[in-house]
Protein chains: 2
Amino acid sequence: MLHDPAQLDLMFQALADPARRQMVDRLSRGPASVSQLAEPLAMSLSAVVQHLNVLEASGLIRTEKLGRVRTCRIEPQALRAAEHWINERRLAWERRLDRLGDFLAETKDES
Amino acid sequence: MLHDPAQLDLMFQALADPARRQMVDRLSRGPASVSQLAEPLAMSLSAVVQHLNVLEASGLIRTEKLGRVRTCRIEPQALRAAEHWINERRLAWERRLDRLGDFLAETKDES
DNA sequence: ACAATAGTTAAGTGATCACTTCAGTGTTCC
DNA sequence: GGAACACTGAAGTGATCACTTAACTATTGT
């Protein structure tokens, strides 16, 4: 469920750009239109739309058009998938360190 | 502490490449040399070294050279920083949804 | 009907990316 | 000392990126 490498590629790639992270940050406080997302950014509306398309293709956001306004919102499941990938690797490493610590403590006892 | 946009850029960018994620995955199971990391990958050793430099510059791994062998290991704090950025945005969104749900439930009671 | 609004699309540009090959450097083993 | 080993660095290449401008569509307000 959403764990294929291609999707992770798209998500991490999408998050790699500061403008796109800023959009995600804004959306984490609630849905917004394209112009609202563009407002704090020093770039053309066209560029913003392109970033938005990257975010949507990655699955990190979902958009819906009503009249002439496109409303964007966060897709928390996608965020969770990225989060989960990182978390699993970090935990694997930390569990390994714990086991190593236990081992060293034991061999010290037996010296 | 590690939350500046530039560092996050580097980390997410580093994680955006499948080869680099594969290396991080391998390293999550324990330290490895450059050649060990290269072994499952279908690319030149030189390319692997370049990926490794990207990972190290991002802070996601740390490397140490002993004799002619460079040993690479994961830097869990960096993983935690990336994880944390995503987690905060996701939680902000989900808390918002909860509040919205409460509000709707209340207004329904008062109808 | 007309103008303003909200967004979309296409084409182009310069920068960065993910490699490659090839020619090194320093290290260990015999 | 010399061969094999484990990288390292520089240069080049084709692909992708993050924009820009400009021309366009569809919707809303007067």
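Reckoned from all heavy atoms, side chains included, excluding hydrogens, waters and symmetry mates.
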Would one find a side-chain N or O of H51(B) under 4.0 angstrom from OP1 or OP2 of dC19(C)? yes
G59(B) and A78(B) have their tightest heavy-atom pair at O-CB, 3.2 Å
Here the pair of heavy atoms bringing R20(B) nearest to Q13(B) is NH2-O, 3.2 Å
Which of I74(A), L15(A), L10(A), L27(A) passes side-chain contact (heavy atoms from CB on, under 4.5 Å) with L60(A)? It is L15(A)
From CG of D17(A) across to P of dA15(C) the rounded distance in Å is 17 Å
Looking at S33(B), is its backbone amide N or carbonyl O close enough to the side chain of Q36(B) to form a donor-acceptor pair, meaning the two atoms are under 3.5 Å apart? yes
Tell me whether the OP1 or OP2 atom of dC7(D) has a side-chain N or O from S33(B) closer than 4.0 Å. yes
Shortest non-hydrogen pair, R73(A) vs P31(A), comes out as NH1-CG, 3.4 Å
The nucleotide from dC19(D), dT20(C), dC17(D) with an atom nearest the side chain of Q13(A) is dC17(D)
The correct set of residues in residues 36-46 of chain B placing a heavy atom under 4.0 Å from DNA chain D is L45(B), S46(B)
N53(A) CG to dA18(D) C1', in whole Å, measures 13 Å
Requested in this report: Apply the test side-chain hydrogen bond (donor to acceptor under 3.5 Å, both in side chains) to residues E64(A) and T71(A): give CA-CA distance (whole Å), side-chain angles for both, the deciding distance (0.1 Å), then the verdict.
Outcome: CA-CA 5 Å; E64(A) 189 184 2; T71(A) 303; over 6 Å; no
In numerical order, the residues of residues 63-75 of chain A whose heavy atoms come under 4.0 Å of DNA chain C are K65(A), R68(A), V69(A), R70(A)
In whole angstroms, the gap separating C1' of dA18(D) from CZ of F12(B) amounts to 19 Å
* **Same cluster (ILVMFWY, side-chain, under 4.5 Å), V34(A) and L41(A)** => yes
- Item | Under 3.5 Å donor-acceptor, R26(A) side chain and R21(A) backbone | no
Checking dA6(D), dC19(C), dA18(C) against the side chain of Q50(B) (C-beta onward), the nearest is dC19(C)
